[in-house]
Amino acid sequence: MTIDSPLTELKGVGEAQAKKFAVLGLKTVGDLIDYYPRRYEDYSQVTPINKLRPEAVTIEAVIKQATGRYVRRGLHITEAIASDATGSVRLIWFNQPYRAAALKAGQKYFISGQFELSHQRFSIMNPSVERVSDLPVNAGRILAIYRETKGLTSRQIRLAVHEARQIIKVMPETLPPQITKSQDLMSRSEALLGIHAPLEGGQLAAAQRRLGFEEVFQLSLASLLNKRENQRETALSIEFDEKLAREFVSHLPFKLTDGQRRSIWQIYQDLQKQHPMNRLLEGDVGAGKTVVATMAALMAMAQDWQVALMAPTELLARQHADTIHGLLKPLGLEKQVVLLVGSLSPAQKTKARAAIASGHAGFIIGTQALIQEQVDMHKLALIIIDEQHRFGVEQRKTLMAKAGHMPHVLSLTATPIPRSLALTLYGELDISVLDEKPVGRQAIKTEIVSPNSRAQLYESIDKQLDEGKQMFVVCPLITDSTVLDAAAAEQVYQQLAQKDFKHRRVGLLHGKLKPTDKQSIMEQFVCHELDILVSTTVIEVGVDVPNANIMLIESAERFGLAQLHQLRGRVGRSSDQGHCYLLLSDSSAPTRRMRALSSSNDGFKLAELDLEIRGPGAIYGTSQHGQLDLRIAKLTDTKLIAAARAAAHKLLDQNENLLQYKHLMKNVNRLRTVTNLN
């Protein structure tokens, strides 16, 4: 048997169960070994029966008797009495008719479960039971709890992992020996045994440290290798024209913040170098990133080079085109702004591509289709990426092939990034931070609302709409779900348009609409032909409607903290007061996330809290970015991150042949292709 063997080669895993494992993406023994537990339940401490308290418990006892019977509507109950030297306790299982026959009278068992009150008697409910041995799997120890699927429990997964122990014991080492020694790390095989079946808390902690260190080390090594490769490339040196910069600023209807001035100067210095800029411009929602990006583009355009801006959605690409057109118009450069998106007519696309190929298009704006379609950007000097989490090595190579050289790269994000995350994910990336709101912007008032207060809330909102304001209503789902108890946009739209706000103009926007329909609805809202726009999170990034000062988020507890902060940033984008209402699904007490959002507008503080709440792993907090997520390491563990990064630096500085570490480099090369900003 090897890690590539199908799961059916493990004792106890038949074809039927293998299909259930496949639902979790587990097809081989290696897949199973790499499937880490979600959490643990500690049943390692054996308690005498006379000392039991209402909690998770483990006893070591003899089963005296066990009986089973069917009661109402086919429900089966198995009851047994377990005894030790101090007393006896009742055990109860529901719908496990095989239990009575499986339990042997007079045999000593480890019995682990929840000791709680049932029908006015304390019992251990649905316990795991296992004969006393030196190596218990499902009772009397720290139990691994996995993500499950229908018909496949954590108990069954633990049994399968147990059958794979001999393979785990010979798993190859993936870290260089000098690193495991200097960092005092257990071997990979020991760590895998400890993560799946820890004998005690110390072994689990050591296993988590080893595997967490490896995760950060590999990500750091991938980041550093990409950084060094990028620095070996040659880029166009773009000179700084102070007169042009001053002229651009003089036409702005507002004063640049200190953060904007500092950031653009850092960018200008990078652009003058002969190796490619690789900078992240990070700023809270509404901090003015587009103006800084346009100032950067201005220098390239002045020297007859091209700039391309890639946005995550066509909606945002169109909005960027409108904004940048307005910013460049006072300088007479607005005709150089060209939009290339999928919904253009064939004739419009042909015209746009011709302008790009001839060089008449100085500022090209679109989605990732810019690099995928037959677009001739041979004069490309700078690419600006807005909220793209997957712009990596392959896309850069595609651009380099188009331009004949490596372009400078400026990435924009409205998601505040805590330092620990920046170090882990972005490695040696240069970061500029916009930490101030534009002058005149007010903090958004955020209020948590119980569903019982919906009528009063609507009355208050209606008065604000009377004053000429507009409102976003955001829902977590498009249509009703039988799985999630959360508000759906289509149903909320019907309710508002036909009942609660039938005297208002209400629109509906979601991701399943055609691009032309989305654009039409958004334009209606921008032009104030709609008072209320019911939407999904398609409006999360970038949508700018200064007159929309009310944000109502339905089933707010269904969203992550960072996402809620992003959504809230769609309002309060003028000098008027913005309002955000977090409407809960039920009358339960607000969560820590809800309370934090209602008390703070500081995106960086909220980002730190979001990391703390999410715990280990989720770098982006959304499932589509899972390839980069850390499964063991905690992003808040700055000590571990610093140690892993220092070790990665040291290994590269030693100029060793990294190909000798084939298992390590296989993972590192995979990460190099998906790492966001290298």
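Since we're looking at a predicted model, the values are computed, not measured. The figures that follow rest on heavy atoms only: side chains count, while hydrogens, waters and symmetry mates do not.
The backbone N or O of T290 sits less than 3.5 Å from a side-chain atom of T294, completing a donor-acceptor pair. Looking only at distances, no side-chain donor or acceptor of H408 sits under 3.5 Å from a matching main-chain atom of Q272. Proximity of a side-chain donor or acceptor of R593 to a complementary backbone N or O of F559 within less than 3.5 Å is detected. Between the side chain of Q260 and the backbone N or O of G288 there is at least one donor-acceptor pair closer than 3.5 Å. Remark: the backbone N or O of T516 is not paired with any side-chain donor or acceptor of S520 at under 3.5 angstrom. Listed for the Q494 side chain is no donor-acceptor partner under 3.5 Å among the backbone atoms of E490. Checking side-chain atoms of S600 against main-chain N and O of A596 turns up no donor-acceptor pair under 3.5 Å. Using a distance-only test at 3.5 Å, with no hydrogens or angles considered, no donor-acceptor pair links the side chain of N549 to the main chain of V571.
In this structure, Y268 and W265 have perpendicular ring planes: the angle between them is above 60°, well past the 30° mark.
The closest side-chain heavy-atom distance from I521 to L508 is not below 4.5 Å. Side chains of L252 and L327 form a contact here, defined as non-hydrogen atoms less than 4.5 Å apart. Side-chain contact between E229 and R672 is present, with heavy atoms from C-beta onward closer than 4.5 Å. At least one side-chain heavy atom of Y458 sits less than 4.5 Å from a side-chain heavy atom of L552. D376 places none of its side-chain heavy atoms less than 4.5 Å from the side chain of R353. With a 4.5 Å cut-off on side-chain heavy atoms, L328 and Q336 do not count as touching. In this structure the side chain of I461 reaches within 4.5 angstrom of the side chain of Y581, judged on heavy atoms. When side chains are defined from C-beta on, D576 counts as touching K469, because their heavy atoms get closer than 4.5 Å.
Interatomic distance, CD1 of I264 versus CD of Q269, reported as 11.0 Å (0.5 Å rounding). Here the CE atom belonging to M406 is positioned 11.0 Å from the CZ atom belonging to R232, to the nearest 0.5 angstrom. If you take CD on Q464 and CD1 on I550, they are separated by 4.0 Å, rounding to the nearest 0.5 Å. The distance from the CD atom of E529 to the CD atom of E523 is 9.0 Å, given to the nearest 0.5 Å. Distance OG/S411 to CE/M277: 8.5 Å, rounded to 0.5 Å. For the atom pair D462 CG and D466 CG, the distance stands at 5.5 Å (nearest 0.5 Å).
The minimum heavy-atom distance between G326 and P330, with the atom names listed, is O-CD, 3.4 Å. Here the closest non-hydrogen pair linking L597 and L561 is CD1-CD1, 3.9 Å. A293 and I384 make their closest contact through O-CD1, 3.7 Å (heavy atoms, listed as atom of the first residue, atom of the second, distance). Pairing each heavy atom of T367 with each of E314, the nearest pair is CG2-N, 3.7 Å. Nearest heavy atom pair, residue R279 against residue Q266, reads NH1-OE1, 3.6 Å. The shortest non-hydrogen separation linking G468 to H528 is O-CE1, 3.0 Å.
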### Message
Using the rule given for side chain to side chain contact (heavy atoms under 4.5 Å, CB included), can you reason through H649 versus L224, listing the C-alpha separation, both sets of side-chain angles and the distance that settles it, and then say yes or no?
### Response
CA-CA 8 Å; H649 269 287; L224 290 171; 3.6 Å; yes

### Message
L533 vs M522, test: side chain to side chain contact (heavy atoms under 4.5 Å, CB included). Steps then yes/no.
### Response
CA-CA 9 Å; L533 182 62; M522 201 64 226; 4.1 Å; yes

### Message
Checking N278 against N226 for the side chain to side chain contact (heavy atoms under 4.5 Å, CB included) test, could you report, in this order, the C-alpha distance in whole Å, the side-chain angles of both residues, the deciding distance, and whether it holds?
### Response
CA-CA 11 Å; N278 193 25; N226 282 343; over 6 Å; no

### Query
Hey, mind stepping through V292 and L256 against side chain to side chain contact (heavy atoms under 4.5 Å, CB included) and telling me if it holds?
CA-CA 9 Å; V292 174; L256 291 177; 5.9 Å; no

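Of the listed residues (L333, L309, L339, V307), just one forms a side-chain contact (heavy atoms from CB on, under 4.5 Å) with I324, and that residue is L309.
Scored by the ring pair (Phe, Tyr, Trp, His ring centres under 6.0 Å) test, Y493 finds no partners at all (sequence neighbours excluded). Residues passing the ring pair (Phe, Tyr, Trp, His ring centres under 6.0 Å) test with F525, sequence neighbours excluded: F472. Residues that satisfy the salt bridge (charged side-chain N to carboxylate O under 4.0 Å, His left out) test with K273, not counting sequence neighbours, are D270.
Residue pairs that meet the salt bridge (charged side-chain N to carboxylate O under 4.0 Å, His left out) test with at least one member in residues 258-269, sequence neighbours left out, are D258-R261, R262-D435. For residues 297-310, the set of pairs meeting the side chain to side chain donor-acceptor pair (under 3.5 Å) definition, not counting sequence neighbours, comprises D304-K379.
Side chains of S535 and R570: no donor on one and acceptor on the other come within 3.5 Å. When only modelled atom types and interatomic distance are considered, Q491 and Q495 share no side-chain donor-acceptor pair under 3.5 Å.
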Distance-only check: which donor-acceptor pairs under 3.5 Å involve side-chain atoms of residues 359-366, not counting sequence neighbours?
| unit_1 | atom_1 | unit_2 | atom_2 | d |
| --- | --- | --- | --- | --- |
| H360 | ND1 | S358 | OG | 2.9 |

